[in-house]
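These notes are about the structure you will find just below.
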Amino acid sequence: MVDPFYQKKKGRKTSKFIRLDSWLDSSLYETFQSFGHSYQRFGDFMSLFRVTGFRRLIVELVSDGLTFFALGLVLMTALALPSFQLTASGEFNQVDDYAITFLDRYGNEIGRRGIRSDDSIELATIPEHLINATLATEDRRFYEHFGIDIMGITRAMITNVRANSFVEGGSTITQQLAKNLFLSSEKTITRKLHEAFLSLWLETHYSKDEILKLYFDRAYMGGGNFGVAAASDYYFGKKVQDISLAESAMLAGLFKAPTKYAPHVDLAAARGRANDVLTNMVQAGFMTEGQVTAARLSPAFPIERFEDVESPNYFLDWAFNEVKSIIKDYPVGTAFTVRTTVDPVLQKHAENSVASILREEGEAYRVQQGAMVVLEPHGAVRAMVGGSDYGKSQFNRATSPTRQPGSSFKPFVYAAALETGKFKPNTVISDAPICIGDWCPKNYGRSYAGRVTLKSALARSINTVPVRLSQATGRQPIADLAHKMGIQNSFPVTRSLALGVISVSVMDMASSYAVFANGGYKAKAFGISRVTTLRGDVVFDAKRDIARERILQPETVSGINEMLRAVVTSGTGRRAQVPGTPASGKTGTTQSYRDAWFAGYTGNYVAAVWYGNDDYTKTNNLTGGRLPAQTWQKFMSYAHSNVKIADLEGAEFERLEVGLEQIEDSDSEAPPLVRPPTLTDEAGEKLRELERTFQELLFRLDGSTGTADVSAASHQELG
């Protein structure tokens, strides 16, 4: 019988969380129990090794030693981190400057700039007596130690203590190289620590011979020379392979204190130091006393060093800055050879042209300085004169954008007008008084011609006409065109812009006028055609076949050429006429006669000439049609002799074919100077190809490439 009051209840299921909690408690308990048993067993085991007495002292010392050793490793790693960062960059210290050897357009050396350095000499070709002299003096155990010479440091410390002064150093060649490559010359404990770490790094990454080669290339040897090869050439005028024992001893003596023992600074000190080096070689066992006796009796004698006054120094200063901007990102090396565009024949005559004019007429016109830049129409600089005397003033007036061009700026105004298509050379315009606000420009003669053509206005350098043109075209387009053509200096766009009241450089004026000479294409002046390392690796090569930027339309160029030709034939630039050439150009004279210009061109050359005074004092009424035009004519007459005269679109001229033989047979007592025949660029390139073939042939015959003297002589004869 079922109980009516009985109700069946479902049993409550065990929670999953309770089971998880139970498992966790059990696991923790068993783990701790197991750990306790293990620790007990370990303690029992270690009790077998318990030491007491003297043995415990030894154990404690060893234990503490290992602890301090570990801490020392951590500290050394912390101190070495900056050194690791230096090596991780993969870059060595750059020397303070570059070593640049400049060649003219034909490959002949014309000068040097910067420091002197040469890392192209292989260690195997360096004389053995120079290597031994260096090792005997700087690091006798170089091939035995690991970068740090413990014995050498100990010996140096004992010697210095006995002498009670610092008389001997303990740095190895590797340490000195580490300092040269990565560190500064500051004398601090930190630097010495870095030097030690870097020495170990060098020893593990380079062989002994490679370290020695780097040392010979990077060590400063005084006189702006880095490396034994450059020092040998500078002090003795020899290749390092050809120096004598006495000269090797003098060079090896420079490593310690190059500025103190440099022979051109103190010859007696240099010879005394060389004598000490010879003694070191005997003590180190490299040579006997008898073998060094001749070097002691006949010490080395350095050659005299004079500044090459024949070098185109203004050009070289400018080219040096151009080269540094080209090679600043080149990762390896500091010594380069640069082939320039300068023509030594034209350069010399440009210098003579400016100097002779100043000498003959400078005093009468109270003018002391002149500058000139000569380009070919595509922009290659063939000559540069930056002043009357480089020895007295190195300020380059040819590249400094600080002088006003005056009326020589007017062709930019006329070109802008012709570019609009609304004006032609025969367009008639009014020459009458004009005012813009309170500014009323006047003509040079204070007179007005009435209605004139643009061609006549430019030939006579009338002022009111370009002002009217600037109103018609707008002044900003004129400024923009001037910048596009080559004027790099910024200038304000004012009412007087049309009359050249801005600041420009002679270089920029020549570059701008080259646009007229080459058919309307941009012609930025350049003086560097090729840059190579001393090993022959090409760093930079100017490409002449790149797409040219057109600045002016052909119709504009033809019109400007026609008008500027009239300036020379019948206008203010008549003194610039060159018989048989399409000479075209423009004179320029600024207020108070402070600046006088002539900028002009033919189909062959472009040149800009300036005369004035550095302190901006007034000249004696000097105009652009006088000394600047005379200088331009004197140079261009010479430059165009013995060359094929190129045509100039729009500029009419009577071609005059006069050969060298006709001039030589002339009855005149003083025949004009004639430019000697020169190589064309194509012929020069063929000659260089022949030279390279000749060098390869000699290399195959005797394993040597010693053809520098032969090639230089051949260039000199043919150039």
Side-chain angles (χ1 to χ4, degrees), residues 110-111 306-318 342-374 382-400 403 408 506-507 509-510 572-578 583 585 587-590 592-600 605 607-641 668-676:
I110 55 175
F306 297 104
E307 185 70 25
D308 187 5
V309 295
E310 298 298 324
S311 294
N313 289 304
Y314 287 112
F315 173 83
L316 292 180
D317 288 347
W318 171 73
V342 72
D343 187 312
V345 176
L346 296 182
Q347 173 66 35
K348 187 65 177 178
H349 195 70
E351 294 172 356
N352 291 339
S353 298
V354 174
S356 62
I357 292 293
L358 281 174
R359 182 173 58 252
E360 295 166 5
E361 303 189 57
E363 184 176 355
Y365 284 98
R366 292 199 300 270
V367 62
Q368 298 177 345
Q369 289 294 345
M372 184 177 188
V373 173
V374 180
R382 296 307 185 199
M384 178 187 293
V385 181
S388 60
D389 190 337
Y390 184 84
K392 294 181 179 179
S393 172
Q394 289 78 51
F395 175 68
N396 194 339
R397 298 155 189 85
T399 58
S400 176
R403 310 303 300 215
S408 60
V506 182
M507 175 77 78
M509 288 295 286
T572 59
R574 289 189 295 273
R575 289 185 178 87
Q577 287 193 68
V578 180
T587 58
T589 308
T590 62
S592 302
Y593 301 98
R594 288 186 171 88
D595 301 280
W597 292 78
F598 187 85
Y605 295 105
V609 182
W610 165 88
Y611 281 99
N613 296 312
D614 288 341
D615 57 2
Y616 294 90
T617 55
K618 302 177 182 178
T619 65
N620 186 19
N621 297 333
L622 176 62
T623 64
R626 293 291 305 187
L627 304 191
Q630 292 173 222
T631 303
W632 195 92
Q633 192 277 341
K634 185 173 185 178
F635 173 83
M636 286 295 186
S637 295
Y638 178 83
H640 286 80
S641 60
S668 174
E669 296 181 358
L673 291 175
V674 178
R675 177 182 178 183

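- In this structure a side-chain-to-backbone donor-acceptor pair under 3.5 Å is present from Arg397 to Gly386.
- Looking at Trp632, its side chain never comes within 3.5 Å of a backbone N or O of Val609 through a donor-acceptor pair.
- The distance from the OG1 atom of Thr572 to the CZ atom of Arg575 is 10.5 Å, given to the nearest 0.5 Å.
- Taking the six-membered ring where tryptophan is involved, the planes of His349 and Tyr638 are essentially parallel, since the angle between them stays under 30° and well short of 60°.
- Considering only heavy atoms from C-beta on, Leu346 comes within 4.5 Å of Tyr605 through its side chain.
- In summary, of the residues considered (Thr631, Asp595, Thr619), a side-chain hydrogen bond (donor to acceptor under 3.5 Å, both in side chains) with Tyr611 occurs for Thr631 alone.
- The shortest heavy-atom contact between Ala576 and Ala583 is O-CB, 4.0 Å.
- Arg626 forms no cation-pi arrangement with Phe598, by the criterion of a distance under 6.0 Å to the ring centre and an angle within 45° of the ring axis.
- For Glu363, the CD atom counts as loosely surrounded, since its 6.0 Å shell holds 12 or fewer non-hydrogen atoms of other residues, nucleotides or ligands.
- Within the 3.5 Å criterion, the main-chain N or O of Ser353 finds a donor-acceptor partner in the side chain of Ser356.
- Met384 approaches Asn396 most closely through the heavy-atom pair SD-ND2, 3.7 Å.
- Judged by distance alone, the side chain of Gln347 and the main-chain N or O of Asp343 form no donor-acceptor pair under 3.5 Å.
- Ala596 approaches Gly624 most closely through the heavy-atom pair CB-N, 4.0 Å.
- In this structure, Thr587 and Thr623 have side chains that are not in contact, with every pair of non-hydrogen atoms separated by 4.5 Å or more.
- The two residues Pro628 and Leu622 make their nearest non-hydrogen contact at CD-CD1, 4.4 Å.
- Contact between Ala607 and Val374 at its shortest, heavy atoms only, is CB-CG2, 4.1 Å.
- Test Gln368, Arg366, Gln369 against Asn613 for side-chain contact (heavy atoms from CB on, under 4.5 Å) and you get one pass: Gln368.
- The OH atom of Tyr390 sits 9.5 Å away from the OG atom of Ser311 when rounded to the nearest 0.5 Å.
- Here Trp610 contributes atom CH2 and Ser408 contributes atom OG; the two are 12.5 Å apart, rounded to the nearest 0.5 Å.
- Between Ala371 and Val506 the shortest heavy-atom distance is CB-CG2, 4.1 Å.
- In this structure the side chain of Ser637 reaches within 4.5 angstrom of the side chain of Gln633, judged on heavy atoms.
- Note that CD of Glu351 and CZ of Phe635 are 11.0 Å apart. Values are rounded to the nearest 0.5 Å.
- Between Asn352 and Lys634, the closest side-chain pair of non-hydrogen atoms is not below 4.5 Å.
- Residues Met509 and Val373 form no side-chain contact, since every pair of their non-hydrogen atoms from C-beta on lies 4.5 Å or further apart.
- Enclosure of atom CD in Gln577 by more than 12 non-hydrogen atoms of other residues, nucleotides or ligands within 6.0 angstrom is indicated.
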